[in-house]
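Heads up, the thing below is written out as structure tokens.
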Amino acid sequence: MRAALDLCQAVRVANPEIPVVLFGYANPIFVRGTAKFSAQAKQAGADGVLCVDWPADEDPELARALASKAWTWSRSLHRRPRRSG
């Protein structure tokens with residue numbers, strides 16, 4: 001994770017006009033802690049985060065952490081409605 005954040009910061013410094021979105025999976029974010037990750041990603045210059053496998057029941061935790069850094073949370077995985085019958 002540290003290497004990815006360092007790379008993000010280097011890209012941001014060299015190319016301030018190019019949007020940078022961090023793409024990854026839930027486990028490294030969860031292990032680091034959502035608040036710490038959000039703060040470090042923002043400090044590194046990321047414009048957004050794409051986390052494709054964040055568990056739906058954990059949405060509020062990540063959403064709050066991202067919102068505290070002026071980002072919005074958009075879930076990419078959605079629960080399927082149960083079929084009746």
Side-chain angles (χ1 to χ4, degrees):
M1 177 73 73
R2 184 74 255 160
L5 294 170
D6 289 345
L7 179 59
C8 175
Q9 187 170 22
V11 169
R12 170 59 59 225
V13 168
N15 303 282
E17 71 288 351
I18 296 176
V20 178
V21 176
L22 299 177
F23 174 85
Y25 294 99
N27 192 52
I29 296 171
F30 183 78
V31 168
R32 187 172 223 88
T34 56
K36 183 175 180 180
F37 167 77
S38 295
Q40 290 176 335
K42 193 67 168 184
Q43 183 179 6
D47 295 299
V49 176
L50 177 59
C51 180
V52 297
D53 67 337
W54 192 264
D57 59 344
E58 298 290 332
D59 278 359
E61 180 182 346
L62 184 58
R64 278 192 302 273
L66 294 174
S68 75
K69 303 302 172 202
W71 289 335
T72 58
W73 170 244
S74 176
R75 186 184 327 151
S76 58
L77 292 178
H78 299 277
R79 294 182 192 186
R80 290 177 131 181
R82 291 186 181 200
R83 294 184 193 186
S84 59

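We count residues from 1, following the sequence as given. Computed from a predicted model, the values in this text were never measured in an experiment.
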Side-chain donor-acceptor pairs under 3.5 Å in residues 26-33, sequence neighbours left out?
| residue | atom | partner | partner atom | Å |
| --- | --- | --- | --- | --- |
| R32 | NE | Q40 | OE1 | 2.4 |
| R32 | NH2 | Q40 | OE1 | 3.4 |

One should read off an interatomic distance between Q43 CD and L5 CG, to the nearest 0.5 angstrom, of 9.0 Å
Considering only distance and modelled atom types, tabulate donor-acceptor pairs under 3.5 Å from the side chains of residues 10-25, sequence neighbours left out.
| residue | atom | partner | partner atom | Å |
| --- | --- | --- | --- | --- |
| R12 | NE | G45 | O | 3.0 |
| R12 | NH1 | N15 | O | 3.3 |
| R12 | NH1 | P16 | O | 3.0 |
| R12 | NH1 | I18 | O | 2.9 |
| R12 | NH2 | I18 | O | 3.2 |
| R12 | NH2 | G45 | O | 3.1 |
| R12 | NH2 | D47 | OD2 | 2.4 |
| N15 | ND2 | V11 | O | 3.4 |

Test item: S68 side-chain N/O and A65 main-chain N/O as donor-acceptor pair under 3.5 Å
yes
